[in-house]
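When a ligand or atom number is given, it counts from 1 through the structure's own listing order.
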Amino acid sequence: MTLLNVNGYGKLYVVATPIGNLADISFRAIEVLKKVDLIAAEDTRHVQMLLQHYGITNKLVSLHQHNEDKASSVLLEKLREGISIALVSDAGTPLLSDPGMPLVKMVKDAGLDVVPIPGACALIAALSAAGLPVTQFSFEGFLPRTSSARKTFFKERASSPRTWVFYESCHRILASLQDMAEILSPDRQIVIARELTKLHETIVKTSLGEALVLVEQNSNMRKGEFVVIVDGATVDKKEQLMTPDQEKILRVLLGECSIKTAVAMAVEITGLRKKLLYQAALIMDEEKTA
Ligand code: SAM
């Protein structure tokens, strides 16, 4: 393994670490963590557990969301001096809802080498066992903290045909599902992946309505760390492409004006795509005359 590039600059290794089960780390990751000159960690005490487990003694510096910009500049200078660095976060793949983006950008912009050392990631682990389409998906990170912002977030994604995925904490899992249930149909399939790779790993695939009841009634389902995966809207059913409120707006407008005007106004009000609203309007119009 060459820890320096051709100009003698150090390389930055972005190293994935376990998301629970300490065995989920690659041989290559352990080798890198042993051989680099410095490990930049989100929480130096936290990463010590992992390092001790694998008998790794190495120098640590902290790089967390509150010192990222300053610490990244210092680390870039060290790379320029020929010092090799491994970047790790508390769990999983750095940068994925974790610190590291400013450092990686800075190092790339400076033309130095950034080497990924792939491994655990809660998002990918959850998707791999969910049984929902993964050909195309969108990762949304953590949801907004307020209920109204979350509802807006759900409205914006209600008609997306893609699978979408978000991270959630035990403090907000119930509130997030309650907000989701106000916007999406109770039939929408979702997967709750909880405590992945740990003792109490639970992966439930069910309808949104049933998931909500489960989380409300079983306090264990409100403990630990969560990935939530939501099935995309079914393209051939207008009901699932639009929220009940959006559908009502279109229906009222259709009662008052022509299809063209109703669709144009609905685009303005809902922000939905014209094509989608037009298709829904045609179906509603057919229903009216049937
Ligand atoms: N960088 C990490 C990754 O690669 O997955 C994610 C870090 S983010 C700060 C932490 C969030 O990831 C948790 O709040 C939870 O939503 C999700 N997460 C991390 N580990 C998990 C696990 N073992 N099971 C389920 N979700 C997990």
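Ion pairing between Glu77 and Arg80 holds under the 4.0 Å rule for side-chain N and carboxylate O.
The hydrophobic cluster containing Val104 does not contain Val47, counting ILVMFWY residues as joined when their side-chain heavy atoms lie under 4.5 angstrom apart, directly or transitively.
Using a 3.5 Å distance cut-off with no hydrogens or angles, the side chains of Thr202 and Arg194 do pair a donor with an acceptor.
Within 6.0 Å of the OH atom in Tyr167, the count of heavy atoms belonging to other residues, nucleotides or ligands exceeds 12.
Sorted by first then second residue, the side-chain hydrogen bond (donor to acceptor under 3.5 Å, both in side chains) pairs that include residues 38-66, not counting sequence neighbours, number zero.
In this pair, Phe166 and Phe154 present their aromatic rings tilted. The plane angle is within the 30 to 60° band.
The immediate protein surroundings of ligand 1, defined as residues with any heavy atom under 4.0 Å of it, consist of Ile19, Ala91, Gly92, Thr93, Leu96, Ser97, Asp98, Cys121, Ala122, Phe142, Tyr167, Glu168, Ala193, Glu195, Leu196, Lys198, Glu225, Phe226, Val227.
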